[in-house]
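Working notes, structure below.
The figures that follow rest on heavy atoms only: side chains count, while hydrogens, waters and symmetry mates do not. As the structure is a prediction and not an experimental result, all values here were calculated from the model. Chain A is the first sequence line, chain B the second, and so forth, proteins listed ahead of strands; every chain is numbered from 1.
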Amino acid sequence: MNKKGIRKALEKGPPPKRLSETQRLCLEMLHNQQMDVEEERTGFWTFLSDMFRYAGLRLWGTQILMLTVVCAGVLSVYNAPNAISLFAPMFALACIPSLFQSQTFGMCELEAATRASVAQIVLAKLILAGAADLFCLSITLAAAAAKSDFSSNVLQLILYAVVPLLGCMATALWCMRTCSRNSYRISMIACFAAIMLAEGLFRLEPQLFELSALGLWIAAFAAFTGVFARELCFLMEAGKEGKIYGTIA
Amino acid sequence: MELSLDRLTKHFAPKIAVDCISAKLSPGVYGLLGANGAGKTTLMRMLCGILEPSSGEVLFDGRNIMGMGSRYRNILGYLPQDFGCYPDYTAREFLMYIAALKGLPRRAAIKRSEELLNIVDLDACGKKIRTFSGGMRQRLGIAQALLNNPGVLVLDEPTAGLDPKERVRFRNLIADYAGDKIVILSTHIVSDIEAIADEVFLMKKGRFLLQGAIPELVQRISGKVWELTVSEQEARKWEETVTVSNLRHSNEQVILRIISEEQPSLNAVPCEAALEDLYLYHFPTAEGAE
């Protein structure tokens with residue numbers, strides 16, 4: 001019997017005796033069904049765009065500010081390509097306050113108890129920072145290449161920029177995951193140490209920036225990429241499985 | 001809906017913060033009472049899944065919350081004891097940020113934020129959070145906990161910093177909200193728990209000392225609460241020797257409310273016990289001194 005037929009048969013039948021009770025039971029069943037249905041939630045990409053609105057603009061702002069400083073520095077120093085390793089950690093330095101924002105403002109516990117959890121928040125910020133870094137490094141490399149005293153090939157230039165940056169970011173992630181206290185400070189100190197080390201090498205060991213030392217840079221790149229990838233795996237695993245990432249409470 | 005605590009334990013070597021606690025929580029309001037350092041906050045953090053237990057587990061409808069991940073946090077609302085806010089946000093921006101973290105779609109988030117700002121009386125406040133008073137921050141904290149209409153609401157010291165009128169409003173809000181949800185709140189203000197909690201857990205040294213409905217628990221100390229009228233000089237002496245839960249002056253005399261196993265004096269008359277008396281009966285010394 002179709003819907004129309006059922007309706008007709010019911011209209012012809014005797015008036016219902018337990019109408020209010022039936023209505024109450026139906027309402028109860030509907031309510032229970034609604035309770036079982038999970039409320040709609042946004043996916044990671046919507047979350048990422050939300051994070052861009054709340055944290056990304058600030059993060060990109062500081063990166064652009066740092067880019068201006070770095071470009072001015074690159075264009076003013078002698079032998080600019082070699083000095084890139086000195087300037088690259090500054091981009092990491094600029095995004096660390098954003099990565100540790102929740103610790104600075106005491107929001108860790110509150111954010112950890114949300115759907116996103118710490119891991120997803122850090123991952124979203126890392127993606128935003130990575131995009132900004134990619135843009136800033138490209139501009140910096142272009143500025144260095146434009147300098148008249150250019151003496152290195154493209155691979156060298158990329159390695160001089162990426163190796164210290166990867167080192168700083170890997171240290172920051174490691175600190176975030178393992179250090180209960182002072183992880184923010186340790187990450188900042190690591191960036192300053194990288195800048196100072198690069199400055200020292202730039203002045204005292206210029207042969208490290210020659211083509212013959214390329215193997216050393218590639219080895220350093222592989223090592224830091226390995227550490228960074230490992231930290232990223234921990235982060236992604238925690239984000240995917242909703243595990244606790246870092247020390248919250 | 002049921003939240004079960006199964007032999008939940010947390011060590012912070014060498015101290016045991018929570019010691020093998022078991023309980024079953026069905027929808028209702030649960031009050032957690034205990035001195036500082038009793039393990040309330042540690043327990044609440046474990047209930048929220050942000051602190052991993054040393055042993056034991058928290059089960060939501062039979063599933064371990066640590067394995068449920070975001071599915072558990074979807075139905076969780078949490079107000080930590082000490083929480084900060086991003087000072088450059090307005091209350092509205094802050095709620096929208098938390099709504100994004102909770103994965104609420106934008107349209108639903110705007111609607112819910114407006115409702116909650118109205119409830120906590122911050123709807124007309126367009127100021128940055130940095131200018132907020134402690135009470136305003138606390139109200140904002142309560143609002144963010146309710147954003148996702150949570151089935152499990154964990155509130156650690158929710159009434160701290162609220163004035164009496166705001167406290168009453170908050171109590172009514174929670175009582176209205178509770179219905180078919182599990183609400184767990186800890187506070188030092190016994191009257192708050194007395195007003196809204198269906199069941200109370202008294203915590204001491206990481207364990208549940210007592211648990212049950214308020215009238216049931218208060219019944220346990222009936223006959224142990226006394227009223228004694230003495231002179232002012234005698235009052236000081238009594239305060240040093242017995243647990244005095246209240247003291248009030250009347251016609252150059254002092255009426256003491258004493259908690260004692262036995263009649264402290266022949267002039268002492270028994271009186272009706274309250275939850276605060278029960279608390280003082282189990283925590284006679286200064287908080288955390290034990």
In terms of the angle between their ring planes, are A/Phe100 and A/Tyr184 parallel, tilted or perpendicular, with boundaries placed at 30° and 60°? tilted
Heavy atoms only, distances under 4.5 angstrom: which of B/Gly141, B/Pro87, B/Cys48 has the most pairs with chain A? Name it, please. B/Pro87
Identified side-chain hydrogen bond (donor to acceptor under 3.5 Å, both in side chains) partner of B/Arg167 from the options B/Thr159, B/Thr187, B/Asp192: B/Asp192
Most contact-rich option vs chain A, by heavy-atom pairs under 4.5 angstrom, among B/Gly103, B/Ser70, B/Gly69, B/Ala108, is B/Gly103
Main chain of A/Ser117, side chain of A/Gln120: is a donor-acceptor contact present, judged purely on distance under 3.5 Å? no
Ignoring hydrogens and geometry, is there a side-chain-to-backbone donor-acceptor pair from A/Arg41 to B/Lys102 under 3.5 Å? yes
Against chain A, label B/Met96 side chain, backbone, both or neither, depending on which of its atoms sit under 4.5 Å from a heavy atom there. both
I'd like to verify something: which residue of B/Met66, B/Glu93, B/Gln144 has the highest number of heavy-atom pairs under 4.5 Å with chain A? B/Gln144
Which answer fits A/Tyr54, side chain, backbone, both or neither, if we ask what part of it has an atom under 4.5 Å from a heavy atom of chain B? both
Evaluate B/Arg112 against B/Glu115 for salt bridge (charged side-chain N to carboxylate O under 4.0 Å, His left out), listing each step before the verdict. CA-CA 5 Å; B/Arg112 188 82 181 124; B/Glu115 279 172 13; 3.1 Å; yes
At a heavy-atom separation under 4.5 Å, does A/Thr104 approach chain B through its side chain, its backbone, both, or neither? neither
What residue, out of B/Tyr78, B/Tyr97, B/Phe83, B/Tyr89, has the most heavy-atom pairs lying under 4.5 Å from chain A? B/Tyr97
Return the orientation label for the A/Phe44 and A/Phe47 ring planes: parallel under 30°, perpendicular over 60°, tilted otherwise. tilted
